[in-house]
Amino acid sequence: MSPPPLPVTVIGIGADGWDGLGPAAREALRTAEVVIGGRRHLGLLPPECHGERVPWPSPLRPAVPGLFAARTGRRISVLASGDPMFFGIGRTLAELLGAERLRVLPHPSSVSLACARLGWALEETEVVSLVGRPLATLNRELYAGRRLLVLSAGADTPAEVAGSLAERGFGPSRMRVLEQLGSARERCVEGTAEEWPHPPGDPLNVIAVDCAPADGTRPLSLAPGLPDTAYDHDGQLTKRHVRAATLAALAPAPGELLWDVGGGSGSIAVEWMRAHRTCRAVSVERDPVRAERIARNAAALGVPGLTVVTGAAPDALAQLPAPDAVFIGGGLTVPGVLEACWAALPPGGRIVANTVTLESEALLADRHRRHGGDLVRLAVSHATPVGAFTGWRQAMPVTQWSATKPLDSPGPGAYAADPTGSVEAAQAAQGETR
């Protein structure tokens, strides 16, 4: 029986380099036979660290298992910025190597240092990372009086953030860019987003934003039921009041995955993801023009991580990771769609389907008879002018079936071929690049 692999010491290091490390971190680096990290981090080590210095390859994640397997039996230390478990390499290593193999020695994160300089309460500050993430990620977080710390992707990020804030109606927001936090070269520059005066500075920076909307700017709520005007659509849109009822029935919870089948404009998937920053969604839409529109809506409303799969259900569902909830907004009469969605749900998973046609309503009535749940009709009327007076104009009523799969049901079937898979894997399988 082979001995267990040696622990991997993951060491957080700041802009102050070797001088800012504690005794345990220094000893681990002195005695390491291999030190893995970014080139900038490796360059902070003094000559007394004799171990082999290995820069991270790119792409990083697929290379990690082989990188460590090739060095089995050697003492390995890993260098990371600040706290390795806060938007850092620590999470990836815990997932791929196992948390029990790691010994983590954190350094104060850039967020902790920034809050210390600004006098901000860390628990009341929202952190947004733009490292490897789209700028549109910021859009979900813009509300009057909110304090944001933006983890920058480089020297150009402050100007990009300023431009995005001004475009979204938050031009008066105060911005402070804190560079090289903790080092002898630390500095802070500031201005407003609409009049950002500074050229690109040090790439190692954190952006502090005091959100202030311009006159007339009305931020969108995080609650379900955004105004219909928030979406670009061609009429294929679950309308506001029905959308709010649909999201209530779907009941999004942190970390859960939604299948939005027949995405249309993507409104259900978008508002599912806006419910919590860890909610995930895949929107399946057969029309390429609508699929592109879904991606644009997702970016505009601050959830650019929404995965859009262009294809027709049920075939397009075959390689998706198992969902926690499914919404069917179109294609109910296509053979196999309802069956595939129900089969993919794990015990306790939720399904919601909406329709306005008698043919699809008959299918939902049958599912209600077989699986239970709730079958409701949603009717919404709007006050409209009738000559010099006001009357009610009723929208087309929507029949909605919602149900929870019993806990004693079999788990995901053929239409959830990879129940532990990632959204990214599903995206790649469909040939998507969004």
Side-chain angles (χ1 to χ4, degrees), residues 231 233-239 242-243 245-247 249-250 257-272 281-295 297-298 306-345 349-371 373-378 396-403 405 412-417 423 426-427 429-432 434:
Y231 294 93
H233 64 92
D234 60 0
Q236 292 297 310
L237 174 73
T238 302
K239 300 303 189 290
V242 173
R243 193 183 329 125
T246 300
L247 266 295
L250 286 168
L257 173 66
L258 172 75
W259 284 5
D260 177 16
V261 181
S265 63
S267 63
I268 296 297
V270 165
E271 294 190 29
W272 169 279
V282 179
S283 189
V284 179
E285 172 54 55
R286 65 180 181 179
D287 186 316
V289 174
R290 287 178 179 162
E292 292 285 349
R293 186 179 290 118
I294 292 170
N297 282 329
L306 170 61
T307 297
V308 184
V309 172
T310 305
D315 292 344
L317 309 177
Q319 298 302 316
L320 300 185
D324 299 287
V326 176
F327 171 66
I328 308 175
L332 278 169
T333 58
V334 175
V337 168
L338 263 171
E339 292 80 1
C341 291
W342 182 257
L345 282 173
R350 291 92 65 200
I351 189 169
V352 177
N354 291 352
T355 187
V356 296
T357 70
L358 292 175
E359 291 79 6
S360 294
E361 186 178 89
L363 291 175
L364 295 185
D366 176 67
R367 291 289 157 167
H368 177 251
R369 178 183 59 80
R370 294 166 59 183
H371 300 302
D374 292 319
L375 189 65
V376 300
R377 176 164 291 180
L378 305 172
M396 186 175 291
V398 175
T399 299
Q400 180 181 93
W401 173 59
S402 60
K405 196 167 188 179
Y415 286 93
V423 171
Q427 191 178 42
Q430 291 293 328
E432 295 295 307
R434 295 186 188 90

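The figures here come from the full heavy-atom set of this structure, side chains too, leaving out hydrogens, waters and symmetry mates.
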Heavy-atom side-chain proximity of P323 to L345 below 4.5 angstrom: yes
Exercise for the section: Check for a donor-acceptor pair, side chain of K239 on one end and backbone N or O of L237 on the other, with a separation under 3.5 Å. Expected result: yes
When rounded to the nearest 0.5 Å, the distance separating CD1 of I328 from OG1 of T355 is 10.5 Å
Of all heavy-atom pairs linking S360 and T333, the shortest is OG-CG2, 3.4 Å
Nearest heavy-atom approach of V284 to A316 is CG1-CB, 3.8 Å
| field | Min side-chain heavy-atom separation V334-P314 under 4.5 Å | value | yes
Shortest non-hydrogen pair, Q400 vs A249, comes out as OE1-CB, 4.0 Å
Measure from the side-chain N and O atoms of W259 to the backbone N and O of A322, and report whether any donor-acceptor pair falls under 3.5 Å. no
d(T310 OG1, E292 CD) to nearest 0.5 Å is 7.0 Å
Check your understanding: Is any side-chain heavy atom of K405 closer than 4.5 Å to a side-chain heavy atom of I351?
Key -> no
(request) Could you tell me whether the side chain of D260 and the main chain of I268 form a donor-acceptor pair under 3.5 Å? (result) no
Minimal heavy-atom distance between E285 and G263, with the atoms involved, is OE1-N, 3.4 Å
Is a donor on one side and an acceptor on the other found under 3.5 Å between the side chain of R350 and the backbone of L250?
yes
Side chains of N354 and T246, donor plus acceptor under 3.5 Å | yes
The reported gap from OG in S402 to NE2 in H371 (rounded to nearest 0.5 angstrom) is 13.5 Å
Taking every heavy atom of G266 against every heavy atom of I294, the minimum-distance pair comes out as N-CG1, 3.6 Å
With a 4.5 Å cut-off on side-chain heavy atoms, are L332 and W401 touching? no
On a heavy-atom basis, the closest approach of S265 and H233 is CB-CB, 3.9 Å
Subject >> Any donor-acceptor pair under 3.5 Å from R243 side chain to T238 backbone >> reply: yes
message = Checking side-chain polar atoms at under 3.5 Å, does E361 have a donor or acceptor matched by the opposite partner on T399?
response = yes
| Would you say R369 and D366 make side-chain contact, with heavy atoms under 4.5 Å? | yes
To the nearest 0.5 Å, atom CG of D287 lies from atom CG of D234 at 7.5 Å
